[in-house]
Engineer: 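Questions regarding the structure given below will be posed in turn.
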Amino acid sequence: MKQVDGEKLLASLGEGVNQLRGRLTPDASMERVTWFQAGGLAELMFQPHDVDDLITFLKLLPAEVPLTVVGVGSNLLVRDGGIPGVVIRLSAKGFGQVELVGENRIRAGAICPDKHIAAMAMDNGIGGFAFYYGIPGSIGGALRMNAGANGGETSQRVIEVHAVDRQGNKHVLSKEDMGYTYRHTAASKDLIFTHAVFEGYPEDRAKIRAEMDAVRQHRETVQPIKEKTGGSTFKNPPDHSAWKLIDDAGCRGLMNGGAQMSSLHCNFMINIGHATGYDLEYLGEMVRQRVFEHAGIKLEWEIKRLGIFMPGREVKPFQGATTE
Ligand SMILES: Cc1cc2nc3c(=O)[nH]c(=O)nc-3n(C[C@H](O)[C@H](O)[C@H](O)COP(=O)(O)OP(=O)(O)OC[C@H]3O[C@@H](n4cnc5c(N)ncnc54)[C@H](O)[C@@H]3O)c2cc1C
């Protein structure tokens, strides 16, 4: 049963949509967008051609229509009832560029893969970006999540972030404005990041290459990177590793329907076949409950959960879980 109606929403936007150059897709499959390959439909997906096209669209979108932005879906769990309103997915053509803009400075579009910025930095002898080599997301996702690994994180490299708000106004944010903490930014949730400037430091290319190789080898050994997954399911609580708490609570390999806590890295949830959004989220809440019962610690979701439940298939936070 469909919970969203993209054709109706599209029709309600009127003739203004004819001036858009990007692509509008009613009832767009989010299975195709997310790494989990699970979940319902986006009521209406818009892939803007460039920043001006994005602004035109935002100015004609009524304020009451919900708006969600996604990157390449490597940290997303979409619920089976779908995502009401509009989902913005930036186009590679308009937002995928990466270029040098000064000594040790790189400018990257928000849908540029993290890997590309690592490669550009290596080619130009700029240190500080090797950690991006192992993160499969986009720069927009990295800016929102303060993505990091191997001792590096986005907050250390970013110097300027360009964004557009819900009304279509442009903003430029400094690193301080971004208010970064662990896997979090204090920047307003209604901002769509369009591109950012990053700064590294001079570094020997062979050294950077070796760091990148080490990042790749480490990932291939300890993470289920070839599976349908969303990366780390839960944030590390202060002074604890989420995977250790999950392991100690006996949840390594735990299954629910088509979802499983990976046996290789038990903070990674995987879709082992045809998991629904419900299977995945229910499993996550089972884990939170067991960890709370075992260690008295409330795990916090790192994966972003989007959209609405199918009627009768709601997942409630389990005992001890924080209200979100
Ligand atoms: C195998 C695997 C390994 C991973 N390893 C790591 C790791 O080591 N370290 C780490 O930090 N993460 C890791 N992740 C998680 C994920 O790759 C990162 O969180 C990444 O930054 C998400 O980027 P994305 O483009 O996939 O964003 P999405 O998953 O599409 O979205 C994530 C969030 O970012 C927001 N967002 C995306 N684009 C924009 C934009 N342009 N403007 C505003 N908001 C935006 C979305 O609204 C959402 O809230 C891993 C994931 C996988 C599958």
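Remember, it's a predicted structure, so these values are computed and weren't measured experimentally. Start at 1 and go down the list; that is how both ligands and their atoms are numbered.
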Engineer: Find out whether Trp243 and Met261 are in side-chain contact, i.e. whether some heavy atom of one side chain is under 4.5 Å from a heavy atom of the other.
Structural biologist: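 A side-chain contact is absent here, since even the closest heavy-atom pair is not under 4.5 Å.
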Engineer: Does any N or O of ligand 1 fall below 3.5 Å from an N or O anywhere on Phe193, backbone included?
Structural biologist: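 Such a contact does occur with ligand 1.
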Engineer: Could you tell me whether Asp52 and Arg21 have a side-chain N and a carboxylate O separated by less than 4.0 Å?
Structural biologist: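 Salt bridge flag = no for Arg21 with Asp52.
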Engineer: Could you tell me, atom by atom, which parts of ligand 1 come under 4.0 Å of a heavy atom of Ala142?
Structural biologist: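 Matching atoms, with element in brackets: 21 (O).
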Engineer: So that I can tick it off, tell me whether Lys244 and Asp247 are bridged by a salt bridge, with the cut-off set at under 4.0 angstrom between side-chain N and carboxylate O.
Structural biologist: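 Judged by the 4.0 Å cut-off on N to carboxylate O distance, Asp247 and Lys244 do not form a salt bridge.
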Engineer: Yes or no: does Arg183 have any heavy atom under 4.0 Å from an atom of ligand 1?
Structural biologist: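 In this structure, Arg183 qualifies as a contact of ligand 1 - some heavy atom is under 4.0 Å.
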Engineer: Going by the atom numbers of ligand 1, which of them fall below 4.0 Å from some non-hydrogen atom of Leu90?
Structural biologist: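 Heavy-atom distances to Leu90 below 4.0 Å select 41 (N).
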Engineer: Could you list which atoms of ligand 1 come closer than 4.0 Å to a heavy atom of Ala110?
Structural biologist: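 Answer for ligand 1: 41 (N).
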Engineer: Looking at atom 13 (C) of ligand 1, what's its closest protein heavy atom, distance included?
Structural biologist: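 Answer, as residue, atom name and distance: Ile135 CG2, 3.9 Å.
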Engineer: Under 4.0 Å from a heavy atom of Ala149: which atoms of ligand 1 are those, numbered in the order shown and with their elements?
Structural biologist: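 Within the 4.0 Å cut-off of Ala149, ligand 1 contributes 8 (O).
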Engineer: Considering both backbone and side-chain atoms of Ile192, is one of its nitrogen or oxygen atoms within less than 3.5 Å of a nitrogen or oxygen in ligand 1?
Structural biologist: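 Looking only at distances, the answer is no, because the N/O contact criterion of under 3.5 Å is not met.
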Engineer: In terms of residue, atom name and distance, what is the protein heavy atom nearest to atom 6 (C) of ligand 1?
Structural biologist: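 Looking only at protein heavy atoms, the one closest to atom 6 (C) of ligand 1 is Arg219 NH1, 3.9 Å.
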Engineer: For residues Ala242 and Pro237, report the shortest heavy-atom separation together with the two atoms involved.
Structural biologist: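 Closest heavy-atom pair between Ala242 and Pro237: N-CD, 4.1 Å.
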Engineer: Does ligand 1 have any atom sitting under 4.0 Å from a heavy atom of Leu191?
Structural biologist: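 Contact present.
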Engineer: What closest approach, in Å, do Ser91 and Pro48 show between heavy atoms, and which atom pair accounts for it?
Structural biologist: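 Smallest interatomic distance, heavy atoms only, reads OG-O, 2.7 Å.
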Engineer: State, yes or no, whether a side-chain contact exists between Met122 and Phe129 at a heavy-atom distance under 4.5 Å.
Structural biologist: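 Of all side-chain heavy-atom pairs linking Phe129 with Met122, none is under 4.5 Å.
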Engineer: From the options Lys226, Glu227, Gln223, select the one whose nearest heavy atom is closest to atom 3 (C) of ligand 1.
Structural biologist: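 The residue whose heavy atom sits nearest atom 3 (C) of ligand 1 is Gln223.
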Engineer: Quick test: of every protein heavy atom, which one is nearest to atom 25 (O) of ligand 1, and how far off is it to 0.1 Å?
Structural biologist: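 Result for atom 25 (O) of ligand 1: Ser138 OG, 2.6 Å.
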Engineer: Atom 19 (O) of ligand 1: which protein heavy atom is closest, and how many Å away?
Structural biologist: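 Result: Asn75 OD1, 3.2 Å.
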Engineer: Is there any N or O on Gly73 that sits under 3.5 Å from an N or O of ligand 1?
Structural biologist: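 Between Gly73 and ligand 1, an N or O pair is found under 3.5 Å apart.
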Engineer: For Met45, what are the other residues in its hydrophobic cluster, where any two members join if their side-chain heavy atoms are less than 4.5 angstrom apart?
Structural biologist: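 Its cluster mates, by chain and number, are Met30, Val33, Val70, Leu76, Val78, Ile83, Val87, Leu306.
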Engineer: Show me the donor-acceptor pairs, under 3.5 Å and distance only, between side chains in residues 100-114 and residues at least two apart or in other chains.
Structural biologist:
residue : atom : partner : partner atom : Å
Arg105  : NE   : Glu199  : OE2          : 2.9
Arg105  : NH2  : Glu199  : OE2          : 3.3
Arg107  : NE   : Glu99   : OE2          : 3.2
Arg107  : NH1  : His195  : NE2          : 3.2
Asp114  : OD1  : Ile139  : N            : 3.3

Engineer: To which protein heavy atom is atom 10 (C) of ligand 1 closest, and what is the distance rounded to 0.1 Å?
Structural biologist: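 So the nearest neighbour among protein heavy atoms is Gly148 O, 3.4 Å.
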Engineer: Checking a contact table here: which protein heavy atom is nearest atom 16 (C) of ligand 1, and how many Å away?
Structural biologist: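 Ranking protein heavy atoms by distance from atom 16 (C) of ligand 1, first comes Ser74 OG, 3.2 Å.
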Engineer: Which of the numbered atoms in ligand 1 are below 4.0 angstrom from a heavy atom of Thr229?
Structural biologist: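 Close to Thr229: 1 (C), 53 (C).
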Engineer: If you take the nearest heavy atom of each of Thr185, Ile303, Val72, which one is closest to atom 24 (P) of ligand 1?
Structural biologist: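 The option holding the nearest heavy atom is Val72.
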Engineer: What protein heavy atom sits nearest atom 31 (O) of ligand 1, and how far off is it?
Structural biologist: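 Looking at atom 31 (O) of ligand 1, the protein heavy atom closest to it is Leu76 CD2, 3.6 Å.
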Engineer: Using a strict 4.0 Å cut-off to heavy atoms of Gly137, name the atoms of ligand 1 that fall inside it.
Structural biologist: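 Answer for ligand 1: 17 (O), 20 (C), 23 (O), 24 (P), 25 (O), 26 (O).
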Engineer: Ser174 and Asp177: side-chain donor and acceptor closer than 3.5 Å?
Structural biologist: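 Indeed, the side chains of Ser174 and Asp177 share at least one donor-acceptor pair under 3.5 Å.
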Engineer: Is there a donor-acceptor pair under 3.5 Å between the side chain of Asn271 and the backbone N or O of Phe36?
Structural biologist: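 Flag set: sc Asn271 to bb Phe36 pair under 3.5 Å.
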Engineer: Over 60° means perpendicular and under 30° means parallel, so tell me whether Phe234 and Trp301 are parallel, tilted or perpendicular.
Structural biologist: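 Geometry flag for Trp301 against Phe234: tilted rings.
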Engineer: Would you mind running through ligand 1 and noting each atom that sits below 4.0 Å from a heavy atom of Lys304?
Structural biologist: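 Listed by number with element, the hits are 48 (C), 49 (O).
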Engineer: Within a distance under 4.0 Å of any heavy atom of Met145, pick out the atoms of ligand 1 and give their elements.
Structural biologist: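 Answer for ligand 1: 19 (O), 33 (C).
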Engineer: Please check if the side chain of Asn267 supplies one atom and the backbone of Ser232 the other of a donor-acceptor pair under 3.5 Å.
Structural biologist: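 Side chain of Asn267 to backbone of Ser232: no pair is present.
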Engineer: Specify the protein heavy atom at minimum distance from atom 27 (O) of ligand 1: its residue, its atom name, and the distance to 0.1 Å.
Structural biologist: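 Checked against all protein heavy atoms, atom 27 (O) of ligand 1 sits closest to Gly141 CA, 3.6 Å.
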Engineer: Thinking salt bridges, do Glu285 and Arg288 make one under a 4.0 Å N-O criterion?
Structural biologist: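 A salt bridge links Glu285 with Arg288.
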Engineer: Which heavy atom of Ala163 sits nearest a heavy atom of Phe193, and at what distance?
Structural biologist: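 Looks like CB-CD2, 3.9 Å.
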Engineer: Taking both backbone and side-chain atoms of Val69, is any N or O found less than 3.5 Å from an N or O belonging to ligand 1?
Structural biologist: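 Indeed, backbone or side chain, Val69 has an N or O that close.
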